[in-house]
Protein chains: 2
Amino acid sequence: MITFKNIQYNCSMELTLDLIGGKWKSLILWHLGDNALRFSELKKSLPKITQKMLTQQLRELEASGLVNRHIYTQIPPKVEYSLTPDGKSLLPVLETLCQWGLNYANTMEPMDEKNVK
Amino acid sequence: MITFKNIQYNCSMELTLDLIGGKWKSLILWHLGDNALRFSELKKSLPKITQKMLTQQLRELEASGLVNRHIYTQIPPKVEYSLTPDGKSLLPVLETLCQWGLNYANTMEPMDEKNVK
DNA sequence: CAGTATCCACTGTGATACTG
DNA sequence: CAGTATCACAGTGGATACTG
């Protein structure tokens, strides 16, 4: 049993899922990777997310200390998002996860050479 | 771009999330670990899941080939769930993920010795 | 450009009751 | 014991309009 921010978790997996679970968070972290991206660039790399969801998820990741938000005070506005050290520490795991999925898909439904990018 | 089961994914992370994303799947896989568990045992280890959700998620994991369902034909019924080799191949990644969450929580909110289990 | 606000529709999740 | 069926609700998603 673990307590974090006054929430009780039965195992650390639950805690982890609260941080990076859900439909978008890990995807956002993954796409940020080592670069800083503007809101619009991030939006473009996640074609199916809505503006509302992207904003909301970024705020939550920021609150968890996994993402930095850097505002350039200019007109038109420019905001860049990047991973904090804590966020970056997650990249290797996400990489492995990604690789696992790719492997899995290939085992189940081997792709022709020509379809592989 | 990846195509799997006629669904198009922009990156393999999306594919992975379709397989093990959502509120319960990775938690179920994690709790199964190396053992075979009966439905009721699994339910007990995931106190907050409803029977409906557990059944539903297990069916989906089974369809993905990550979980085996073994039925003992007897009365009262006994059904055991276990990880397939593909499912087991995910365990090391889940372990790392778990560890990451634990580490994160400890950095943010160091626990007293006495509270650590 | 990078948001916020509002309204509405849809789906996932949950509570409860029932069954072979 | 291991489910299925039904109903209700919250979170998510989409469209649109507006703003510093």
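Sequence lines set the chain letters: A, B, ... in the order given, protein chains first and strands last, and positions in each chain run from 1.
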Asks: Reading DNA chain C 5' to 3', which nucleotide is the first, and which the last, to come under 4.0 Å of any heavy atom in chain A?
Replies: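 First and last nucleotides in contact are C:dC1 to C:dC7.
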
Asks: State yes or no: do A:F39 and A:Y72 share one hydrophobic cluster built from I, L, V, M, F, W and Y residues joined by side-chain heavy-atom distances below 4.5 Å, directly or via other members?
Replies: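 Different clusters: A:F39 never reaches A:Y72 through Ile, Leu, Val, Met, Phe, Trp or Tyr contacts under 4.5 Å.
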
Asks: Taking for each residue the nucleotide of DNA chain D with the nearest heavy atom, is it B:K78 or A:T50 whose nucleotide lies nearer the 5' end?
Replies: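 Looking at DNA chain D, the more 5' nearest nucleotide goes with B:K78.
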
Asks: Among residues 57-73 of chain A, which ones have heavy-atom contacts with DNA chain C below 4.0 Å?
Replies: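 Per residue number, the list reads A:R59, A:R69.
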
Asks: For the backbone of A:T16 and the side chain of B:Y104, can you confirm whether one donor and one acceptor N or O come within less than 3.5 Å of each other?
Replies: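 No, B:Y104 side chain to A:T16 backbone: no donor-acceptor pair under 3.5 Å.
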
Asks: Please give me every residue in residues 4-20 of chain A whose heavy atoms get under 4.0 Å of an atom in DNA chain D, ordered by residue number.
Replies: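 Going residue by residue through residues 4-20 of chain A, none turns out to have a heavy atom under 4.0 Å of DNA chain D.
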
Asks: If you count heavy atoms of other groups shown closer than 6.0 angstrom to CD1 of B:I7, is the number above 12?
Replies: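 Atom CD1 in B:I7 is packed in, count exceeds 12.
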
Asks: Under the side-chain hydrogen bond (donor to acceptor under 3.5 Å, both in side chains) rule, collect the residues that match up with B:D18, sequence neighbours excluded.
Replies: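 Here the qualifying residues are B:Y9.
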
Asks: B:I20 versus B:L66: any side-chain heavy-atom pair under 4.5 Å?
Replies: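 Answer yes - side chains close enough.
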
Asks: With rounding to the nearest 0.5 Å, note down the distance linking OH in A:Y81 to CZ in A:R69.
Replies: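 Between A:Y81 OH and A:R69 CZ, I get 4.0 Å after rounding to 0.5 Å.
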
Asks: Give me the residues of residues 22-38 of chain A where at least one heavy atom lies under 4.0 Å from an atom of DNA chain D, by number, or none.
Replies: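 Within this stretch, A:K23, A:W24 sit under 4.0 Å of the strand.
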
Asks: To 10°, what angle do the rotation axes through the five end pairs on each side of the helix from C:dC1-D:dG20 to C:dG20-D:dC1 form?
Replies: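 Computed from the C1' atoms at both ends, the axes differ by 50°.
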
Asks: As an exercise, state the distance from OG1 of B:T84 to CD of B:E62, rounded to the nearest 0.5 Å.
Replies: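 Answer for the OG1-CD pair, B:T84 versus B:E62, is 10.5 Å.
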
Asks: Determine whether a donor-acceptor pair (N or O, by modelled atom type, separation under 3.5 Å) exists between the side chain of B:K43 and the backbone of B:I49.
Replies: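 Yes.
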
Asks: Which is more 5' along DNA chain C, the nucleotide nearest A:Q56 or the one nearest A:K52? Just name the residue.
Replies: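 The 5'-side residue here is A:Q56.
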
Asks: Okay, side chain of B:T3, backbone of B:N6: is any donor-acceptor separation there less than 3.5 Å?
Replies: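 Answer holds: no.
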
Asks: Nearest 0.5 Å, please: how far is CG in B:L37 from OG in B:S82?
Replies: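 It is 9.0 Å, given to the nearest 0.5 Å.
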
Asks: Round to the nearest Å and state the distance from A:I49 atom CD1 to D:dG14 atom P.
Replies: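 These atoms are roughly 10 Å apart.
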
Asks: Does any N or O in the side chain of A:E109 come within less than 3.5 Å of the main-chain N or O of A:N106, such that one atom is a donor and the other an acceptor?
Replies: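 No, A:E109 side chain to A:N106 backbone: no donor-acceptor pair under 3.5 Å.
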
Asks: Give one of base, sugar-phosphate or nothing for B:K48, where a contact means two heavy atoms less than 4.0 Å apart.
Replies: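 Nothing: the residue B:K48, judged by heavy atoms under 4.0 Å, touches no strand.
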
